[in-house]
Amino acid sequence: MTTLSSNAIAVLVNGATREVPAGSTIAALLDWLGVSSDKVAVELNKSIVRKRDWDSAVVCAGAQIEIVEFVGGG
């Protein structure tokens, strides 16, 4: 995880309040959090964000983000 500058916003990620860089997109946020985007789904403010839209979906202060990782198995 990267150290924040004074330009941070508070968001809720999987139920926990986190301070993240202001102006982040979903793609940038996943990278900042160290989450591999290969096998995850992301919900932003209770709406699924399609992977093709991750580079344009901006996370605003107070946003609610759910990141769900797919796990294989049988």
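Of all heavy-atom pairs between P21 and I9, the closest is O-CG1, 4.4 Å.
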Let me have the donor-acceptor pairs involving side chains of residues 54-65, under 3.5 Å, with sequence neighbours excluded, atom names and distances please.
unit_1 : atom_1 : unit_2 : atom_2 : d
W54    : NE1    : V49    : O      : 3.1
S56    : OG     : D53    : O      : 3.2

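Residues forming a side-chain contact (heavy atoms from CB on, under 4.5 Å) with A41 (at least two apart in sequence, or on another chain): F70.
Just one of V20, T17, L44 meets the side chain to side chain contact (heavy atoms under 4.5 Å, CB included) condition when paired with V11; it is V20.
No single ILVMFWY cluster, assembled from side-chain heavy atoms under 4.5 Å apart, contains both I26 and V68.
By the 4.5 Å heavy-atom criterion applied to side chains, S24 and W32 are not counted as neighbours.
The OG atom of S47 sits 12.5 Å away from the CD atom of E66 when rounded to the nearest 0.5 Å.
One N or O on the side chain of N14 and one on the backbone of I67 form a donor-acceptor pair closer than 3.5 Å.
The local environment of NZ in K51 is crowded, with over 12 non-hydrogen atoms from other residues, nucleotides or ligands closer than 6.0 Å.
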